Amino acid sequence: MTRRGGGLLARAAGRLPHWLVEPVPRDHRETDEAFRRRRRVTAGVALAGAGLLGVSLSTRPGSPAFYGFTMAVAGTWVAGGLASGPLHLGWMATPDRQLRRPVVTPVVTGAGAFAAFYGAALVARRIPVLDQAITRVMRYAHQGSTPLVATTALLNGVAEEVFFRGALYAAIGVDRPVVTSTAVYGLATAATRNPALLLASLVMGALFGVQRRVTGGIQAPVLTHVTWSALMLRYLPPLFADQADVHDPRPAA
């Protein structure tokens, strides 16, 4: 089954343009001491950030505590990412094999991911456990300040890429960094105790990880994450506006 699945994935990747799937050249070598230090920093920050993330969704929607804790989560990811060691923006190959900073492709990818998630949300409305989980998260958009919710959500999107696809990915080394970074991302999100957020983190974490592998940096996943988050914030809350629970003042977790 594993070989068959791997063969199918390989064949599917083979149908895509080379510049979308082939990793660009990079040299991110660092000393053994720097690598060990990066691992120590990321391990501690991962635990601290996950704890704060869980606390943030244990606060009331629209409360000062919610905004304070979500900003603290973003600050933890960014500080940990920068403290771990050098980060890289990355490059993307063009069809004529020139290297450019990734911009358009990540934005389009983010829009495509949103379209897929919007379709999934329509299905999730028919699955009670997912419908309730998404509705609980939507409380923060419906009951909070739109500018503040958007600011904290987008800042956390950038911060997560700085840490998970920047520092953590580099700390893993060459042994399945996409799978491992996605798993750790999912474990951190599990602190929210929300199945919808956990599923989203695994799907998008895998996408962001592949972007990191191909481009060798965080610019592509950052742009994709921000695009996806902005569209989700704009179009997903109205889809759940008719749910009674969306006006419940209780925390999501």
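The structure presented is a predicted model; accordingly, all values stated were derived computationally and were not measured.
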| message | Between Gln243 and Ile134 (side chain of the first, backbone of the second, donor and acceptor by atom type, cut-off under 3.5 Å), is there such a pair? | response | no
| query | Linking I/L/V/M/F/W/Y whenever any side-chain heavy atoms sit under 4.5 Å apart, do Phe164 and Val45 land together? | reply | yes
| message | So, taking the atom named CD1 in Ile218 and the one named CZ in Arg165, what distance separates them when rounded to the nearest 0.5 Å? | response | 10.5 Å
| request: Kindly say whether Glu160 contributes a backbone atom to a donor-acceptor pair with the side chain of Tyr185 at under 3.5 angstrom? | output: no
| Do NZ/NE/NH1/NH2 and the carboxylate oxygens of Glu22 and Arg97 come within less than 4.0 Å? | yes
| query | Does the side chain of Arg212 reach to within under 4.5 Å of the side chain of Val178, using non-hydrogen atoms? | reply | no
| request: Report yes if some heavy atom in the side chain of Leu87 is under 4.5 Å from a heavy atom in the side chain of Val162; otherwise report no. | output: yes
| Lys NZ or Arg CZ of Arg101 over Trp91 ring: under 6.0 Å, within 45° | yes
| task | For the pair Arg139 (side chain) and Pro251 (backbone), establish whether a donor and an acceptor sit closer than 3.5 Å, ignoring hydrogens and angles. | result | yes
| same_hphob_cluster(Leu122, Leu231) at 4.5 Å side-chain heavy-atom cutoff | yes
| message | Just to verify, what does Ser181 make a side chain to side chain contact (heavy atoms under 4.5 Å, CB included) with, not counting sequence neighbours? | response | Leu168, Tyr169, Ile172
| task | Measure the spacing between CZ of Arg176 and OG1 of Thr180 and express it to the nearest 0.5 Å. | result | 8.0 Å
| request: Answer yes if Met232 and Leu239 sit in the same cluster of Ile, Leu, Val, Met, Phe, Trp and Tyr residues linked by side chain heavy atoms under 4.5 Å apart, and no otherwise. | output: yes
| said: Cation-pi check for Phe240 against Arg125: NZ or CZ below 6.0 Å from the six-membered ring centre and within 45 degrees of the axis, yes or no? | reply: yes
| said: Tell me whether Thr152 contacts the main-chain N or O of Tyr67 through its side chain, where contact means a donor paired with an acceptor under 3.5 Å. | reply: no
| Side-chain (Arg39) to main-chain (Ala171) donor-acceptor, under 3.5 angstrom | yes
| task | Kindly compute the distance separating CE (Met138) from CG (Leu236), expressed to the nearest 0.5 Å. | result | 4.5 Å
| remark: CG (Leu99) and OG1 (Thr94) are apart, to the nearest 0.5 Å, by 7.5 Å
| Should the heavy atoms of other residues, nucleotides or ligands under 6.0 Å from OH of Tyr235 be counted, would the total exceed 12? | no
| query | Is there side-chain contact between Val78 and Leu82, with at least one heavy-atom pair below 4.5 Å? | reply | yes
| request: Identify the two heavy atoms, one from Ser84 and one from Thr42, that lie closest to each other, and give their separation to 0.1 Å. | output: CB-CG2, 4.2 Å
| For the hydrophobic clusters of this structure (ILVMFWY residues joined by side-chain heavy atoms under 4.5 Å, transitively), does one cluster hold both Val41 and Phe163? | yes
| message | For Leu207 versus Ala113, what's the shortest heavy-atom pair and its separation? | response | CD2-CB, 4.4 Å
| task | Check Leu130 against Ala124 and note the closest heavy-atom contact, atom names and distance. | result | CB-CB, 4.0 Å
| query | Is there side-chain contact between Phe66 and Leu57, with heavy atoms separated by less than 4.5 Å? | reply | yes
| Check: Asp245 side chain, Asp248 main-chain N or O, donor-acceptor pair, under 3.5 Å | no
| field | Arg213, CZ: over 12 other non-hydrogen atoms inside 6.0 angstrom | value | yes
| field | ILVMFWY cluster, Leu154 and Val222 together (side-chain gap under 4.5 Å) | value | yes
| Would you say Arg26's side chain and Val24's backbone share a donor-acceptor pair under 3.5 angstrom? | yes
| said: For a quick test of reading the model, state the closest non-hydrogen atom pair linking Thr59 to Ala65 and the distance between them. | reply: CG2-CB, 3.9 Å
| Counting only N and O atoms by type, is there a donor-acceptor contact under 3.5 Å from the side chain of Thr76 to the main-chain atoms of Gly49? | no
| message | Could you measure the distance from the CG atom of Leu53 to the CZ atom of Arg193? Nearest 0.5 Å is fine. | response | 10.0 Å
| said: With a 3.5 Å distance limit and no angle check, can you tell me whether His88 reaches the backbone of Gly216 through a side-chain donor-acceptor pair? | reply: no
| How far apart are the closest heavy atoms of Pro221 and Glu161, and which atoms are they? | CB-OE1, 3.3 Å
| OG1-CG distance between Thr192 and Leu197, expressed to the nearest 0.5 angstrom | 4.5 Å
| Which pair of non-hydrogen atoms, one from Asn156 and one from Trp77, has the smallest distance, and what is that distance? | OD1-CD1, 4.4 Å
